[in-house]
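This one's a predicted model, so the numbers in the text were calculated from it and none came from an experiment.
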Amino acid sequence: MKKVVVKIGGSLAIDEAKLSDFVAAVSKLPALGCQVAVVHGGGKDINENIALLQEQPTFIDGLRVTTPSIMKMVEMTLSGHVNKKLVRMLVANGVNAVGLSGVDGSLFEVQKKQGKVDLGLVGEVKKVNPKIVESLWSAGFMPVVSPISIGADENGQLASWNVNADTAASELAVALQADQFVLVSDVPGVMDESKTVIPELTDDASEALIETGVINGGMIPKVRESFKSIRRGLKSIHIVGWKDVDHFVKQINGELNYGTILG
């Protein structure tokens with residue numbers, strides 16, 4: 001069986017038509033010999049709910065600054081609303097889908113992410129325990145994973161931590177030794193200065209584009225975490241936008257490339 005990790009972004013998760021198409025496409029993959037794990041974000045859903053707290057979302061290098069009150073909302077949104085919505089839709093399409101987060105089975109163990117500024121309850125994955133995903137695959141289930149993770153807080157108590165979904169997905173792909181890792185983004189791929197999709201991209205070229213600001217915002221952690229995964233053994237990483245069921249299935253099968261392949 002071909003092991004495939006697919007990460008979908010937040011805007012896809014709230015576009016009903018695109019999400020229905022995505023679910024239809026993923027539902028076809030088990031019959032094509034693929035064991036699939038779906039990792040999801042949900043940034044736009046989170047922003048809508050955070051507005052209820054009257055707190056302004058703040059991002060640094062594409063990472064959300066996470067206060068304790070925002071953390072509660074992030075966990076409710078991702079591990080609750082978004083996760084279960086995806087599971088419901090997959091089940092309706094005949095898939096034995098199971099929702100879980102990085103907290104379940106200590107799938108993602110983290111420590112506080114360090115940086116130039118304090119990001120709050122933002123975690124950095126230190127250990128992945130993929131047995132729960134492998135067990136679900138063996139039993140014929142498709143895991144749907146929220147990136148909320150587990151780790152000790154400043155008082156030494158286990159707490160939930162916000163982890164960038166691209167990071168969580170790439171860490172899971174490495175731990176599972178996935179044959180293919182696909183990031184379905186809000187854009188059709190990594191774009192050059194003329195807004196044209198770059199079909200293939202190297203690590204050095206990506207850093208140059210980050211330096212000049214061509215690659216910016218949320219694409220920065222997406223690209224950097226992908227190349228970290230490549231250096232740790234992943235061979236096939238694709239960043240694509242959403243077109244339709246046929247394009248996505250052909251991308252997985254290697255019949256075409258309509259996005260950016262990192263290598």
Side-chain angles (χ1 to χ4, degrees), residues 4-22 25-26 38-47 56-65 115-117 147 164-171 173-174 178-232 234-263:
V4 180
V5 174
V6 181
K7 187 269 173 179
I8 62 169
S11 63
L12 178 61
I14 63 173
D15 186 318
E16 293 296 329
K18 288 182 179 179
L19 187 58
S20 294
D21 274 354
F22 171 78
V26 170
V38 178
V39 182
H40 63 83
K44 293 191 177 181
D45 279 295
I46 293 168
N47 289 342
Q56 186 66 31
T58 303
F59 293 86
I60 297 173
D61 288 340
L63 299 173
R64 183 186 299 275
V65 177
K116 299 175 185 176
V117 298
N164 178 271
D166 296 318
T167 302
S170 62
E171 289 288 342
V174 170
D179 298 296
Q180 195 167 28
F181 176 34
V182 182
L183 292 138
V184 184
S185 178
D186 297 339
V187 295
V190 182
M191 315 286 275
D192 64 19
E193 57 275 4
S194 63
K195 303 301 180 184
T196 301
V197 175
I198 303 169
E200 297 182 359
L201 187 64
T202 65
D203 195 355
D204 289 343
S206 72
E207 286 301 320
L209 292 174
I210 290 171
E211 281 292 317
T212 57
V214 175
I215 295 176
N216 53 64
M219 188 60 76
I220 294 173
K222 195 184 301 289
V223 168
R224 282 182 168 161
E225 292 302 326
S226 293
F227 279 112
K228 281 184 185 177
S229 299
I230 289 172
R231 291 192 291 272
R232 293 165 61 201
L234 280 187
K235 296 178 181 178
S236 182
I237 300 182
H238 302 228
I239 298 178
V240 301
W242 182 255
K243 282 198 173 184
D244 53 43
V245 174
D246 188 55
H247 274 78
F248 184 77
V249 172
K250 286 182 176 179
Q251 185 83 26
I252 298 292
N253 281 339
E255 298 173 49
L256 56 74
N257 171 34
Y258 67 94
T260 301
I261 297 178
L262 306 182

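- Atom CG of residue Asp186 and atom NZ of residue Lys222 lie 7.0 Å apart, to the nearest 0.5 angstrom.
- In this structure, Gly259 and Val240 approach most closely via the heavy-atom pair CA-CG1, 4.0 Å.
- Residues passing the ring pair (Phe, Tyr, Trp, His ring centres under 6.0 Å) test with Phe181: none are found, sequence neighbours excluded.
- Nearest approach of Ser226 to Ile237, heavy atoms of both residues: O-CD1, 3.1 Å.
- Using a 4.5 Å heavy-atom cutoff, the side chains of Val223 and Thr260 are not in contact.
- Of all heavy-atom pairs spanning Leu256 and Gln251, the tightest one is O-OE1, 3.5 Å.
- Closest approach of Asp192 to Val214, counting heavy atoms only: C-CG1, 3.7 Å.
- For the atom pair Glu193 CD and Ile215 CD1, the distance stands at 10.5 Å (nearest 0.5 Å).
- In this view, Lys250 and Asp246 satisfy the side chain to side chain donor-acceptor pair (under 3.5 Å) rule, not counting sequence neighbours.
- Here the side chains of Gln180 and Val5 are not in contact, with every heavy-atom distance at 4.5 Å or above.
- Asn257 places a side-chain heavy atom less than 4.5 Å from the side chain of Pro199.
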Given side-chain contact (heavy atoms from CB on, under 4.5 Å), test Ile198 with Leu209 step by step and report yes or no. CA-CA 11 Å; Ile198 303 169; Leu209 292 174; 3.7 Å; yes

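- Scanning all heavy atoms of the two residues, the minimum distance from His40 to Ala165 falls at O-CB, 3.8 Å.
- Using a 4.5 Å cut-off on side-chain heavy atoms (C-beta onward), Ser170 and Lys7 make no contact.
- For Asp203, the salt bridge (Lys or Arg N to Asp or Glu O under 4.0 Å) partners at least two apart in sequence or on another chain are Arg231.
- Nearest heavy-atom pair, Phe227 versus Thr202, reported as atom, atom and distance to 0.1 Å: CZ-C, 3.2 Å.
- Residues passing the salt bridge (Lys or Arg N to Asp or Glu O under 4.0 Å) test with Glu200: none are found, sequence neighbours excluded.
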Please report the C-alpha distance between Lys235 and Ile230 in whole Å, then the side-chain angles of each, then the deciding distance to 0.1 Å, and finally whether the side-chain contact (heavy atoms from CB on, under 4.5 Å) criterion is met. CA-CA 6 Å; Lys235 296 178 181 178; Ile230 289 172; over 6 Å; no

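- Side-chain N or O atoms of Tyr258 include none that pairs as donor or acceptor with a backbone N or O of Pro188 at under 3.5 Å.
- Residues Val4 and Asp179 fail the side-chain proximity criterion, which asks for heavy atoms closer than 4.5 Å.
- Note on residues 206-217: pairs passing side-chain hydrogen bond (donor to acceptor under 3.5 Å, both in side chains), not counting sequence neighbours, are Glu207-Arg224.
- Residues passing the salt bridge (Lys or Arg N to Asp or Glu O under 4.0 Å) test with Lys243, sequence neighbours excluded: none.
- Taking the six-membered ring where the residue is Trp, Phe248 and Trp242 present tilted rings, their angle falling between 30° and 60°.
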